[in-house]
Amino acid sequence: MSVKRYDAVVVGGGGAGLRTAIEIARDPHIRVAVVSKVYPTRSHTGAAQGGMNAALGNVIPDDNPEAHAFDTIKGSDFLADQDAVFFMTEKAPEIIYELDRWGVPFSRLEDGRIAQRPFGGASFPRTVFAADKTGHVLLHTLFEQALSKDNIDFYNEFFLLDLIHDGERVKGVSIYDIKNGEVLVLQAKAVVLATGGFARIYWFRSTNAIGNTGDGQAVALRSGVPLKDVEFIQFHPTGLAKTGILLSEACRGEGGYLVNKLGERFMKRYAPEKMELAPRDMVSRAIEYEIREGRGVGEGARAYVYLDLRHLGEERIKERLPQVRQLAIDFEGVDPVKDLVPIRPTAHYCMGGIHVVDYRTSETPLKGLYAVGECACVSVHGANRLGGNSLTELIVFGKFAGIAVREFVKEVDYLELTEGEVNKGREFIEDLMKREGEENLAHVRAQMGEITWAKMGIFRDEESLRSAYEELSELLERWERIPVVDKSKVFNTNLIELLELRNMLELARAVALCALNRRESRGGHSREDYPERDDENFLKHSLVYYENGELKLDYIPVRITKYQPTERKY
Ligand SMILES: Cc1cc2nc3c(=O)[nH]c(=O)nc-3n(C[C@H](O)[C@H](O)[C@H](O)COP(=O)(O)OP(=O)(O)OC[C@H]3O[C@@H](n4cnc5c(N)ncnc54)[C@H](O)[C@@H]3O)c2cc1C
């Protein structure tokens with residue numbers, strides 16, 4: 001059994017993981033491992049299109065970090081921790097200039113300064129971008145920076161199985177080599193989870209990469225670390241109608257309209273001031289209301305409304321939205337230069353995640369364990385994230401988590417591993433490979449997708465959530481009887497999908513439970529039986545965790561330092 005030692009292991013090779021690893025590795029004496037189940041440049045960060053927010057004030061000089069903070073807090077429906085939000089918005093400009101120096105090719109204004117575009121819920125044009133491929137260029141630049149460090153080793157195409165810990169402090173991780181079926185243990189003083197989001201639990205309709213299955217969150221949950229605010233899922237308004245593939249918010253930022261089948265810009269009914277640039281939760285609900293009232297095209301799951309970009313003109317579409325145009329042509333068969341584009345909301349982002357207890361360091365309740373990026377909940381997004389704030393979060397909190405880990409590993413020693421801890425991952429895989437049963441992976445996964453979409457989607461209520469919880473619990477039992485049909489050791493995607501399915505089912509069930517117990521509507525969580533926000537009872541974060549094999553709930557206060565909650569109007 002192979003055991004290797006690193007001061008720090010970062011699980012995740014997306015924007016969050018790479019930014020954190022680069023910062024830890026600034027001290028050449030510290031050895032870092034980056035583990036990623038896909039080659040790092042295939043991480044979902046590379047799919048981000050529209051851009052990232054920082055109050056540079058390049059287009060309108062009045063913009064400032066405080067305005068960015070206020071927009072973020074209002075956008076969060078007042079559930080974000082305000083001190084953490086201020087931390088992010090104050091650091092955002094300097095991290096953009098750092099990325100600029102590292103080589104991220106941001107789009108420019110005529111005078112050479114970094115360009116900024118309007119985005120939903122923002123009071124100034126604040127989103128910096130590289131056409132509509134911001135995540136792609138960001139990820140590649142970070143990967144180049146990480147590759148240039150001699151003290152970072154990459155474990156590409158390795159799958160995180162488990163955290164090794166003694167209940168108080170983390171000792172390392174066990175990982176599975178997808179290329180040859182071997183299990184390895186990486187002993188570490190600190191582990192950073194940066195495994196991305198889990199919006200793939202909405203298997204039926206999601207913008208997320210197939211691999212966004214929340215493995216890090218599920219591993220943390222099983223290790224006794226709470227997840228925070230997982231009931232808050234973001235549905236993005238403009239998914240292509242047939243596939244749910246994302247068309248960036250940049251479409252509306254650049255001036256696109258949303259119209260119903262009567263050709264009406266219906267957002268005037270829901271957000272008369274901000275119109276299409278209201279926050280995502282509101283725009284998604286508006287589209288669904290239009291469809292319910294019969295003003296969409298078609299009915300049921302296949303109905304849609306239109307995104308209209310035609311008035312922007314061919315030149316602007318080709319310059320600013322080239323990827324959007326190509327996606328519409330390839331996956332919907334329409335050209336936005338001359339056609340209306342059929343769209344419908346689609347599952348996009350997880351506001352909740354692994355409970356971070358200190359935003360300055362990204363520590364979790366388990367000593368030596370840190371969480372960064374979409375898998376973490378700091379919380380800066382509260383009940384609804386503003387577009388462009390996720391990439392900013394990865395880079396700001398990644399940097400400061402890196403600094404904290406660098407200091408931590410200098411102060412502590414390795415903890416001894418027991419033989420049982422070293423062998424556990426290998427034995428688990430051996431048992432799984434031998435498992436027999438009559439269930440079918442694809443069927444169980446499809447059922448999960450139907451339950452999550454229909455019963456815990458954009459609209460929820462007591463009955464739908466209760467039955468989602470029960471049915472997902474049954475699917476978890478059925479998971480125990482799904483055999484691994486492919487017995488090979490080389491690139492066994494059957495085994496990987498089975499591991500991912502368990503993670504998704506556990507997370508989906510946790511979402512259902514938190515959503516069931518939050519009897520109010522706030523941000524992305526919309527209860528038809530409790531349509532109002534209820535600050536008296538629910539201005540608090542939910543925590544969900546395992547105790548003796550059962551999911552339990554707890555609540556902690558929101559940190560309100562400056563802005564008292566008010567009604568959210570746009
Ligand atoms: C289509 C799309 C467009 C978006 N556009 C924008 C935008 O314009 N602006 C914005 O701010 N946000 C945007 N977002 C959101 C943002 O891109 C993501 O929240 C962010 O990139 C997540 O980064 P991350 O580093 O946390 O995770 P990811 O980039 O998802 O990376 C996760 C990493 O974890 C690894 N991993 C996961 N599980 C395991 C495991 N079991 N073992 C080993 N490794 C594992 C993966 O291999 C991967 O390297 C968009 C999201 C999508 C889906």
Side-chain angles (χ1 to χ4, degrees), residues 9-21 33-54 92 117 119-120 127-136 138-139 142-143 154-162 173-178 192-200 206-219 234 236 238-240 244-250 253 280 323-324 327 346-351 353-354 371-376 381 385-395 397-398 496 499-500 503:
V9 172
V10 178
V11 188
L18 292 177
R19 184 63 191 84
T20 311
V34 172
V35 180
S36 178
K37 69 177 175 181
V38 298
Y39 196 76
T41 47
R42 291 185 57 221
S43 304
H44 191 64
T45 297
Q49 300 171 3
M52 56 198 292
N53 298 337
R117 62 168 43 128
F119 243 48
T127 305
V128 308
F129 58 96
D132 57 1
K133 297 175 181 161
T134 315
H136 177 86
L138 174 69
L139 188 61
L142 290 172
F143 191 48
F154 282 92
Y155 287 81
N156 297 332
E157 295 173 325
F158 280 79
F159 190 95
L160 171 70
L161 294 176
D162 220 344
V173 291
S174 64
I175 56 177
Y176 171 86
D177 189 343
I178 302 173
V192 182
L193 292 176
T195 54
F198 61 89
R200 265 286 147 196
S206 169
T207 65
N208 276 205
I210 292 290
N212 284 6
T213 53
D215 305 334
Q217 295 88 321
V219 161
Q234 177 161 82
H236 196 294
T238 55
L240 284 174
I245 290 173
L246 179 78
L247 293 191
S248 169
E249 187 160 299
R280 291 175 179 173
Q323 184 176 194
V324 163
L327 289 170
T346 172
H348 182 55
Y349 182 84
C350 302
M351 269 73 76
I354 301 166
V372 186
E374 192 173 335
C375 81
H381 309 303
R385 172 178 73 95
L386 293 188
N389 265 352
S390 172
L391 295 182
T392 304
E393 176 192 11
L394 311 182
I395 307 301
F397 294 99
I496 295 300
L499 295 169
E500 291 175 336
N503 292 339

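Just follow the structure's listing: the first ligand is 1, and inside any ligand the first atom is 1. FYI, the numbering just counts along the sequence from 1.
Taking only nitrogen or oxygen atoms, main chain and side chain alike, Gly50 reaches within less than 3.5 Å of ligand 1. Of the polar atoms of Gly12, none of the N or O atoms is found under 3.5 Å from an N or O of ligand 1, judged by distance alone. For the pair Gly13 and ligand 1, the shortest N or O to N or O distance falls below 3.5 Å. Looking at Ser36 next to ligand 1, an N or O pair under 3.5 Å apart turns up.
At least one heavy atom of His348 sits less than 4.0 Å from an atom of ligand 1. Put simply, no part of Lys133 is less than 4.0 Å from ligand 1, judged by heavy atoms. Residue Thr134 places no heavy atom under 4.0 Å from ligand 1.
Remark: Glu374 does not engage Arg385 in a salt bridge, criterion side-chain N to carboxylate O under 4.0 Å.
Protein heavy atom at the shortest distance from atom 52 (C) of ligand 1 is His44 NE2, 2.6 Å. Atom 16 (C) of ligand 1 has Ser390 OG, 3.5 Å as its closest protein atom, hydrogens excluded (heavy atom only). If you check which protein heavy atom lies closest to atom 28 (P) of ligand 1, you get Thr45 OG1, 3.8 Å. In terms of protein heavy atoms, atom 19 (O) of ligand 1 is closest to Glu374 OE1, 2.5 Å. Counting only heavy atoms of the protein, atom 9 (N) of ligand 1 lies nearest to Gly51 O, 2.8 Å. Among protein heavy atoms, atom 10 (C) of ligand 1 sits closest to Leu391 CG, 3.4 Å. Protein heavy atom nearest atom 27 (O) of ligand 1, with residue, atom name and distance: Gly196 CA, 3.2 Å. For atom 31 (O) of ligand 1, the closest heavy atom belonging to the protein is Gly14 CA, 3.6 Å.
Looking at Leu499 against ligand 1, nothing comes within 4.0 Å, counting heavy atoms. Residue contacts with ligand 1, taken as heavy atom pairs separated by less than 4.0 Å, involve Tyr349 solely via side-chain atoms from C-beta onward.
Atoms of ligand 1 lying under 4.0 Å from at least one heavy atom of Gly15, given by number and element, are 25 (O). Ligand-side atoms of ligand 1 in range of Phe159: 41 (N), 42 (N), range being under 4.0 angstrom from any heavy atom. Residue Leu246 approaches ligand 1 through these ligand atoms, each under 4.0 Å from one of its heavy atoms: 1 (C), 2 (C), 3 (C). Atom numbering of ligand 1 starts at 1 in the shown order; those under 4.0 Å from a heavy atom of Asp215 are 38 (N), 39 (C), 40 (C), 41 (N). Near Ala16, the atoms of ligand 1 lying under 4.0 angstrom from a non-hydrogen atom of the residue are 25 (O), 26 (O). Residue-ligand proximity, Asn389 to ligand 1, at heavy-atom distances under 4.0 Å covers atoms 11 (O). The ligand atoms of ligand 1 that sit less than 4.0 angstrom from a heavy atom of Thr207 are 1 (C), 53 (C). The atoms of ligand 1 that sit less than 4.0 Å from any heavy atom of Val38 are 47 (O).
Put simply, the side chain of Tyr349 does not reach to within 4.5 Å of the side chain of Arg280, judged on heavy atoms. The shortest distance between side-chain heavy atoms of Glu249 and Thr238 does not fall below 4.5 Å. Between Leu327 and Gln49 there is a side-chain heavy-atom pair separated by less than 4.5 Å. Taking the side chain as every heavy atom from C-beta outward, Val219 and Val173 never approach each other to under 4.5 Å. At least one side-chain heavy atom of Pro40 sits less than 4.5 Å from a side-chain heavy atom of Asn156. Between Leu386 and Phe119 there is no side-chain heavy-atom pair separated by less than 4.5 Å.
One option in His381, Lys37, Glu500 has a heavy atom closer to atom 45 (C) of ligand 1 than any other, and that option is Lys37. Considering Cys350, Gly388, Ser43, Gly197 only, the shortest heavy-atom separation from atom 48 (C) of ligand 1 involves Ser43. Between Ala209, Ala194, Ala48, Ala371, it is Ala48 that holds the heavy atom closest to atom 17 (O) of ligand 1. Between Gln234, Arg385, Met52, it is Arg385 that holds the heavy atom closest to atom 12 (N) of ligand 1.
Side chain of Ser206 to backbone of Ala347: a donor-acceptor contact under 3.5 angstrom is found. Using a distance-only test at 3.5 Å, with no hydrogens or angles considered, a donor-acceptor pair links the side chain of Thr346 to the main chain of Gly244. Distance alone, capped at 3.5 Å, places no donor-acceptor pair between the Thr127 side chain and the Gly51 backbone.
How far CZ of Phe198 is from OG1 of Thr213: 11.0 Å, rounded to the nearest 0.5 Å. With values rounded to the nearest 0.5 angstrom, Asn208 atom CG is found 4.5 Å from His44 atom NE2. To the nearest 0.5 Å, the span separating NZ on Lys133 from OG on Ser248 amounts to 12.5 Å.
A donor-acceptor contact closer than 3.5 angstrom is absent between the side chains of His381 and Gln234.
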